[in-house]
Amino acid sequence: MTWRATVLTLFPEMFPGPLGVSLAGRALASGLWGLEARDIRDSATDRHRSVDDTPAGGGPGMVLRADVLAAAIDAVDAAADRPRLVMSPRGRPLTQSRVAELAAGPGPLIVCGRFEGIDQRVIDARGLEEVSIGDYVLSGGEIAAMALIDACVRLLPGVMGKLESSTDESFSAGLLEYPQYTRPQTFEGRPIPEVLLSGDHGKVAAWRLGEAEALTEARRPDLWAARPAQTIRAKGESQKTPKNKTDG
Ligand code: SAM
């Protein structure tokens, strides 16, 4: 069965948006994955098609109604058999391993919040998994959903060719990726590191691993502390972090 994402949103016209171009867009056009953006408003029952109301207990803004959203979820075929996510700054931060799990499944149903958020009762009643894409607040869940879908789609079989491989990428072995270089051989007086031009694959691999480790240790102590055992350097072996690796 083809992997597909079903997005529940107040702004279905935002899709496919950036998912319709480049790698994801080509794969979408050739049927390697599917995308369905559904308007939550279609599940409203009153003549004003209202989807939100004022927060119980007072306060600013509006909250998406549980009954309308539940009806929108229930109208999706086989919704119960798919991961049901809601994009939320309160959610568990999205990781590459969760992305890989989602890419390996049938494809998620994703609820996009707006306004102040969503009535808690629909999150509980429909078992929605809250997913965050970072510690900042967007105005709606659509861009967050696109980020999640894009990360999944590139892992689907047949989407990435030989030219784009995910094996060495950041997070694939619990490390950030090593620095990349291409022509020209010297740019504004900065040469490509000599080892990369040596043709010695063993040396290149060792250099890349060392760089990946140094970068991860300098920039992401959380990843460094949690790295898988096989990537832990032999005791006493030191790697120098190039100065410009810690400033970004
Ligand atoms: N009042 C909410 C709070 O403080 O947690 C923020 C609501 S935000 C303005 C509206 C919607 O944007 C959220 O319901 C969610 O769907 C989405 N959103 C905002 N930031 C997000 C993030 N970092 N990750 C995932 N979704 C996010």
Side-chain angles (χ1 to χ4, degrees), residues 1-9 12 14-38 72-113 123-124 126-134 138 141-178 209 212 216 220 222-224 226-231:
M1 223 177 53
T2 308
W3 190 94
R4 85 191 149 107
T6 300
V7 182
L8 301 184
T9 167
M14 287 176 76
F15 292 85
L19 297 171
V21 296
S22 190
L23 196 73
R26 282 196 301 274
L28 184 61
S30 59
L32 288 171
W33 68 287
L35 175 66
E36 183 192 15
R38 291 185 168 220
I73 293 168
D74 296 346
V76 176
D77 285 345
D81 303 327
R82 301 164 63 191
R84 285 176 295 186
L85 317 178
V86 55
M87 304 317 299
S88 163
R90 291 189 328 198
R92 184 174 295 181
L94 186 62
T95 60
Q96 188 64 17
S97 59
R98 184 68 185 122
V99 164
E101 280 170 14
L102 290 169
L109 180 157
I110 307 173
V111 176
C112 300
I123 299 176
D124 298 338
R126 293 297 179 273
L128 302 181
E129 172 188 338
E130 295 185 70
V131 180
S132 166
I133 64 157
L138 302 165
E142 290 76 10
I143 291 173
M146 287 175 193
L148 182 148
I149 294 168
D150 180 77
C152 290
V153 163
R154 56 198 298 284
L155 299 185
L156 298 176
V159 171
M160 273 195 281
K162 266 201 184 135
L163 286 175
E164 313 106 346
S165 159
S166 66
T167 47
D168 264 7
E169 279 183 337
S170 290
F171 315 114
S172 59
L175 296 173
L176 301 179
E177 195 188 55
Y178 47 80
L209 177 61
T216 309
R220 292 292 301 273
D222 56 325
L223 285 181
W224 183 244
R227 68 201 186 281
Q230 73 269 22
T231 69

Check: If every non-hydrogen atom of L109 is compared with every non-hydrogen atom of A79, which pair is closest and at what distance?
Finding: CD1-CB, 3.6 Å
Check: Between I149 and W33, is any pair of side-chain heavy atoms under 4.5 Å apart?
Finding: yes
Next item on the list: For S172, enumerate each residue passing the side-chain hydrogen bond (donor to acceptor under 3.5 Å, both in side chains) test, keeping only those at least two apart in sequence or located in another chain.
Entry: none
Margin query: I need the minimum non-hydrogen distance between G113 and E142, along with the two atoms involved.
Written below: O-OE1, 4.4 Å
Checklist line | Heavy-atom pair with the smallest gap, counting every atom of M87 and A145 | finding: CG-N, 3.9 Å
Item checked: Residues which pass salt bridge (charged side-chain N to carboxylate O under 4.0 Å, His left out) with D150, listed by chain and number, not counting sequence neighbours -> none
Note to self: For S132, give me all partners under side-chain contact (heavy atoms from CB on, under 4.5 Å), at least two apart in sequence or on another chain.
What the structure shows: none
Notebook entry, point to check: side-chain hydrogen bond (donor to acceptor under 3.5 Å, both in side chains) with S22: which residues, sequence neighbours excluded?
Noted result: none
Notebook entry, point to check: So which heavy atom on R227 is nearest to which on G174, and how close?
Noted result: CB-O, 4.3 Å
Next item on the list: For R220, check salt bridge (charged side-chain N to carboxylate O under 4.0 Å, His left out) against everything at least two apart and list the hits.
Entry: D222
Next item on the list: Any chance you could lay out the side chain to side chain contact (heavy atoms under 4.5 Å, CB included) test for M14 and T9, step after step, and finish with the verdict?
Entry: CA-CA 9 Å; M14 287 176 76; T9 167; 5.5 Å; no
Next item on the list: Identify the two heavy atoms, one from G105 and one from W3, that lie closest to each other, and give their separation to 0.1 Å.
Entry: O-CD1, 3.1 Å
Notebook entry, point to check: For A103, which residues count as a side-chain contact (heavy atoms from CB on, under 4.5 Å) partner, sequence neighbours excluded?
Noted result: C152, L155, L156
Next item on the list: Quick one: list whatever passes side-chain contact (heavy atoms from CB on, under 4.5 Å) with L32, sequence neighbours left out.
Entry: A27, S30, V159
Next item on the list: Would you indicate whether the side-chain heavy atoms of L209 and L175 approach each other to under 4.5 Å?
Entry: yes
Notebook entry, point to check: Shortest non-hydrogen contact from L19 to L28?
Noted result: O-CD2, 4.2 Å
Margin query: Going by side-chain hydrogen bond (donor to acceptor under 3.5 Å, both in side chains), name the residues that satisfy it together with T216, two or more places apart in sequence or in a different chain.
Written below: none
Next item on the list: Tell me, please, which residues at least two apart from R98 pass side-chain hydrogen bond (donor to acceptor under 3.5 Å, both in side chains).
Entry: E101, E129
Note to self: Applying side-chain contact (heavy atoms from CB on, under 4.5 Å), can you list everything that pairs with R4, at least two apart in sequence or on another chain?
What the structure shows: T6, E36, R82
Margin query: Nearest 0.5 angstrom please: L102 CG to I110 CD1, how far?
Written below: 8.0 Å
Check: Which value, rounded to the nearest 0.5 Å, describes the distance between S88 atom OG and L128 atom CG?
Finding: 10.5 Å
Next item on the list: Kindly compute the distance separating CD1 (I73) from CZ (R126), expressed to the nearest 0.5 Å.
Entry: 6.5 Å
Margin query: Can you tell me if L223 has over 12 outside heavy atoms packed within less than 6.0 Å of its CG?
Written below: yes
